[in-house]
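Comments concern the structure below.
Heavy atoms only: backbone and side chains are in, while hydrogens, waters and symmetry mates are out.
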Amino acid sequence: MSRISTRFGAILTAVTILEAGLSLAIAQSSTSRQLGPCEKIGVACESAGFKQDEAPQGKRLRQDCMTPLLQGQSRPASAMPLPVIAPELKAACLAAQPSFAKPRSEASATGASLTFTVSDPTLFMDQQQLRGYGFAAGPSDGPFGAIQNGEGHYRFLGPAWGSDKCPPGARREGVFAFSGTLSRVTAGQGCRILFSGGDGPHGWIFNANYSGGGQIIPIAAKGNHGWLMSFRGEYHWKNPARPDGLCGGVGVFAGGVPCYYSTLGLAVSTDGGWTFKVAGESVQLTDPLSASKGRNVNRNIGYGSLVVADANGKHLDNPPPDPKAAYVYLFFVSSGQDLPGPCVQAQCPGVARARYENVIFTVFSGNPHAVAKLFQKYDADSKDPWSEPATGDSPDLSVGGGKFSPLYLGQGIQMVIYDRAFDVYLGAAVSFQAVRPSFVIRTSRDLIHWSEPIGPVITEGNRWLSYFTLLGETGDPSVSSGEPRLYFRSNPEGKPAYDDSVFKVVTLKLARN
């Protein structure tokens, strides 16, 4: 089940760029991959004091350090000093990412000229209400998806637990349905599980102990149609260092959580979200299960977020007018010793993609190996940036997925939707800049380049916020038109239990700066 990410802030020691390249003072494991040239420059900028997450103007990692270094821009004498980089390193980065050589306004690249105001939070659902629908806890233990099933009414799909009032033998942990409007839940099915841990293809263990979804989109081409859900799968083990077998947790999970290795999977429905079949594993961490199993460690990948766009990241209607020219993009988060700077600890964002037609054919094929080979991760330092395999195609998780380039250095966007009023993508992420977790919104026009957080940080006084979902208000939950909704779990400070939590919703009203 999803856990609030550990607060990040890896402290980097001094970094010096020598003629041979970058001399890093960051301990990396013997199995870590070598950093790419642009990643090396990013780490050098961070070590010089530039920041990626919510940094003020003049101290921003990409805009105020990497871009001036690579474009040779003049800067005022009072500007924050830049690190020195070798010409060979600059040339290698520009060869890997030619877009760095082209002066481009931040607003045109990312849509960063937007801002928003936040409405007062209103109640979306509470635990007393949900217990009446047969739930013991949740929904939602993570983001939830939505399918419009009538004017203004939706079928929501998310992870939860059924109560002991359910029939004997009923499975109680997995993906369930609840329903209502975008403002208030009015019904639920806490004793009718849609799928759960262990419901993956025979012999595959990626979701052996937990399944939780997840954003959902319609898919249709060549006579096949249905609903595609990205979900989180987990494999668990007992921690030998603790009598209870749990691993250490933070925040509302400070008492400990099951030790887990998480992956992303795909589930498909052909009846409007009333039943689902798990098609297979879609995205995996770079390291295999053996690197974590048996240790006091949890490996997170988020829940996944699905977007339909063309090869350049331009938004497409779904179903797309030309399925052959369309792609399904799948966002995830990850940390690891093979990643640069704060991403050693922070859950940094990555993306993979697959051809739209291939996705539809494969998820209905019944072939989990084909599903595991569908997506390729984005790696900016590869000659073909979309060539890294998204999984190791190993039922026992003995082979890790390919490497990837973080889209930026910091807590990753975990849900992405498109706003048609401003022709921009919105990505929601957790922020740990304040004492308590809060949420921020970033923007992009091509799904690769993301702005610094826009608008205000989204908080609720001294309450502890977690598990968020971003939905559009247009009838298509993956598309907004200037007023998207952000849903989140809210707990009083010092009371982390589900019984003390409520789910709330705010409206984000977008505007140009």
Original post:
Should the pair R232 and Y260 be classed as cation-pi, given the thresholds of under 6.0 Å to the six-membered ring centre and 45° from the axis?
Top reply: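 Pair R232/Y260 counts as cation-pi.
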
Original post:
Any cation-pi pair here, R442 with Y408, using under 6.0 Å and within 45°?
Top reply: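 Yes - R442 lies over the ring of Y408, closer than 6.0 Å to its centre and within 45° of its axis.
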
Ignoring hydrogens and angles, state whether a donor on the side chain of [X] or [Y] is under 3.5 Å from an acceptor on the partner side chain.
| X | Y | result |
| --- | --- | --- |
| T443 | S451 | yes |
| Q414 | Y467 | no |
| S305 | Q215 | yes |
| Y498 | D141 | yes |
| Y235 | N207 | no |

Could you check if a side-chain atom of [X] sits within less than 4.5 angstrom of a side-chain atom of [Y], using non-hydrogen atoms only?
| X | Y | answer |
| --- | --- | --- |
| C259 | V297 | no |
| M229 | V175 | yes |
| P159 | Y303 | yes |

Any ion pair linking [Y] and [X] (charged N to carboxylate O, less than 4.0 Å)?
| X | Y | value |
| --- | --- | --- |
| D199 | R171 | yes |
| R436 | E493 | yes |
| D287 | R299 | yes |

Subject >> Residue of the set L182, T122, L123, L486 for which side-chain contact (heavy atoms from CB on, under 4.5 Å) holds with V505 >> reply: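 Answer to the side-chain contact (heavy atoms from CB on, under 4.5 Å) test with V505 among L182, T122, L123, L486: T122.
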
Original post:
So W204 and F206, would you call those rings parallel, tilted or perpendicular, with 30° and 60° as cut-offs?
Top reply: perpendicular

**OP:** Measure from the side-chain N and O atoms of R485 to the backbone N and O of T507, and report whether any donor-acceptor pair falls under 3.5 Å.
**Re:**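 It does not hold such a pair.
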
Subject >> Side-chain (D64) to main-chain (K59) donor-acceptor, under 3.5 angstrom >> reply: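 Flag set: sc D64 to bb K59 pair under 3.5 Å.
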
Side-chain donor-acceptor pairs of residues 265-275 under 3.5 Å, sequence neighbours excluded:
from : atom 1 : to   : atom 2 : distance (Å)
S269 : OG     : D271 : N      : 3.3
S269 : OG     : D271 : OD1    : 2.8
S269 : OG     : G273 : N      : 2.9
S269 : OG     : T275 : O      : 2.8
D271 : OD1    : W274 : N      : 3.1
D271 : OD1    : T275 : N      : 3.0
D271 : OD1    : T275 : OG1    : 3.4
D271 : OD2    : T275 : N      : 3.4
D271 : OD2    : T275 : OG1    : 2.6

Subject >> Proximity of F176 and Y133 rings by center, below 6.0 Å >> reply: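 No, the ring of F176 stays outside the 6.0 Å limit from the ring of Y133, centre to centre.
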
Original post:
Under 6.0 Å between the ring centres of F276 and F231?
Top reply: no

Subject >> Residue pair W161 / G138: nearest heavy atoms and the distance that separates them >> reply: CE3-N, 4.4 Å

Original post:
How far apart are the closest heavy atoms of L61 and G42, and which atoms are they?
Top reply: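 Looking at all heavy atoms of both residues, the closest pair is CD1-O, 3.6 Å.
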
Subject >> Contacts of type salt bridge (charged side-chain N to carboxylate O under 4.0 Å, His left out), residue E388, not counting sequence neighbours >> reply: none

